[in-house]
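No experiment lies behind these values; they were computed from the predicted model shown.
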Amino acid sequence: MGRRQAIYYGEILRCLRIPIKYPVAASPFCRTIETAQLAFGSGNVQVDPFWVEIYRLSENLPSTDRQRIPNYLQLVLESKPEEGRNNIIIAHSFPEGISLGQIPNLGTVIVKPRGIGCGYEVVSRLSLSDLSKLGS
């Protein structure tokens, strides 16, 4: 079921004509890499080790890491993509109380970056079912 859902996810975004900036970023976990490759094609995915750092925030980390990781995440979420494109990140839920929080399986969080130092806005949180309804 998961593989078919990943393929379907990519199909929905193509059907909606969402302009995507390639390569798509993926967490280095096997499941997220596979999901990204099934949805967007193997040649359109770049593994980004930073997304494991987010996952590690649920562990007992040194205070320097507890500051560095969220600060970098803030920069990522505030960074505007190139004009007419959308950054896609295939990762996993965030630990409770951290940034975007829990994200359901193949859920999508739409973030509107306001620019470095200006924050970002969470525009919507969509399940795969919600997203598919937009495409029909």
Side-chain angles (χ1 to χ4, degrees):
M1 180 88 169
R3 288 182 175 101
R4 283 184 284 153
Q5 288 175 317
I7 292 166
Y8 184 52
Y9 181 78
E11 289 172 352
I12 292 168
L13 294 183
R14 284 186 289 281
C15 178
L16 291 170
R17 297 182 180 196
I18 304 293
I20 298 169
K21 178 184 175 280
Y22 290 103
V24 168
S27 168
F29 291 148
C30 293
R31 183 74 178 106
T32 53
I33 294 169
E34 183 181 30
T35 296
Q37 289 175 338
L38 289 168
F40 303 102
S42 296
N44 294 321
V45 176
Q46 181 175 356
V47 175
D48 185 345
F50 171 71
W51 298 104
V52 171
E53 297 289 306
I54 295 296
Y55 190 76
R56 290 183 51 231
L57 284 172
S58 60
E59 300 171 4
N60 188 12
L61 297 176
S63 62
T64 54
D65 287 347
R66 288 212 160 281
Q67 290 177 339
R68 177 186 56 79
I69 296 167
N71 287 346
Y72 185 75
L73 174 62
Q74 185 77 20
L75 286 174
V76 169
L77 296 177
E78 289 178 345
S79 297
K80 293 182 179 184
E82 64 185 67
E83 188 68 32
R85 297 277 176 225
N86 294 280
N87 291 331
I88 305 285
I89 301 163
I90 305 294
H92 28 73
S93 286
F94 293 70
E96 191 173 324
I98 303 293
S99 189
L100 303 177
Q102 293 294 303
I103 302 169
N105 187 35
L106 279 169
T108 299
V109 179
I110 301 171
V111 175
K112 180 180 181 180
R114 295 187 176 133
I116 302 299
C118 297
Y120 62 90
E121 171 188 355
V122 174
V123 175
S124 188
R125 293 174 169 274
L126 302 168
S127 67
L128 183 58
S129 175
D130 295 334
L131 197 60
S132 71
K133 290 173 188 167
L134 295 175
S136 49

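Closest non-hydrogen pair, P49 versus P28, comes out as CA-CG, 3.8 Å. Between H92 and W51, the shortest heavy-atom contact is CE1-O, 3.0 Å. Taking all atoms of both residues into account, the shortest heavy-atom contact from G84 to P19 is O-CB, 3.0 Å. Listed here is the closest heavy atom pair of A39 and A6: CB-O, 3.3 Å.
In this structure a side-chain-to-backbone donor-acceptor pair under 3.5 Å is present from R125 to L100. Looking at T32, its side chain does come within 3.5 Å of a backbone N or O of S27 through a donor-acceptor pair.
Pairs engaging residues 5-26 under the ring-ring contact (aromatic ring centres under 6.0 Å, His included) rule: none recorded [sequence neighbours left out]. Here ring-ring contact (aromatic ring centres under 6.0 Å, His included) pairs that include residues 60-79, with residues two or more places apart or in two chains, are F50-Y72.
If you take CD1 on I110 and CD on E121, they are separated by 11.0 Å, rounding to the nearest 0.5 Å. Here CD1 of I54 is found 4.0 Å from CG of L73. Values are rounded to the nearest 0.5 Å. If you take CG on N86 and CG on L13, they are separated by 9.0 Å, rounding to the nearest 0.5 Å. Going from atom CG of D130 over to atom OG of S127 covers 3.0 Å, rounded to the nearest 0.5 Å. Between the NZ atom in K80 and the CG atom in N87 there is a gap of 13.0 Å [rounded to 0.5 Å]. Within the model, atoms OG1 of T35 and CD1 of I90 stand 7.0 Å from one another, a figure rounded to the nearest 0.5 Å.
Residue I18 is not grouped with residue L38 when hydrophobic side chains (ILVMFWY) are merged at heavy-atom distances under 4.5 angstrom, including chains of intermediate members. Note on Y120: it clusters hydrophobically with I69, by side-chain heavy-atom contacts below 4.5 Å among ILVMFWY residues. Under a hydrophobic-cluster definition in which Ile, Leu, Val, Met, Phe, Trp and Tyr are linked whenever side-chain heavy atoms come within less than 4.5 Å, directly or via other members, I12 and I20 are assigned to the same cluster. Residues I33 and I88 do not share a hydrophobic cluster, clusters being chains of Ile/Leu/Val/Met/Phe/Trp/Tyr side chains in contact below 4.5 Å. Both V76 and V111 sit in one connected hydrophobic cluster of ILVMFWY residues. Membership requires side-chain heavy atoms under 4.5 Å apart, directly or through other members.
Checked against salt bridge (Lys or Arg N to Asp or Glu O under 4.0 Å), R68 has the following partners two or more places apart in sequence or in another chain: E53, D65. Every residue meeting the side-chain contact (heavy atoms from CB on, under 4.5 Å) condition with E82, not counting sequence neighbours, appears here in chain and number order: K21, R85. With sequence neighbours left out, E83 forms a salt bridge (Lys or Arg N to Asp or Glu O under 4.0 Å) with no residue at all. Listed by chain and number, the residues in a salt bridge (Lys or Arg N to Asp or Glu O under 4.0 Å) with E78 amount to none (sequence neighbours excluded).
Here the options are E11, Q5, R4, the test is side-chain contact (heavy atoms from CB on, under 4.5 Å), and the partner is I7; only E11 passes.
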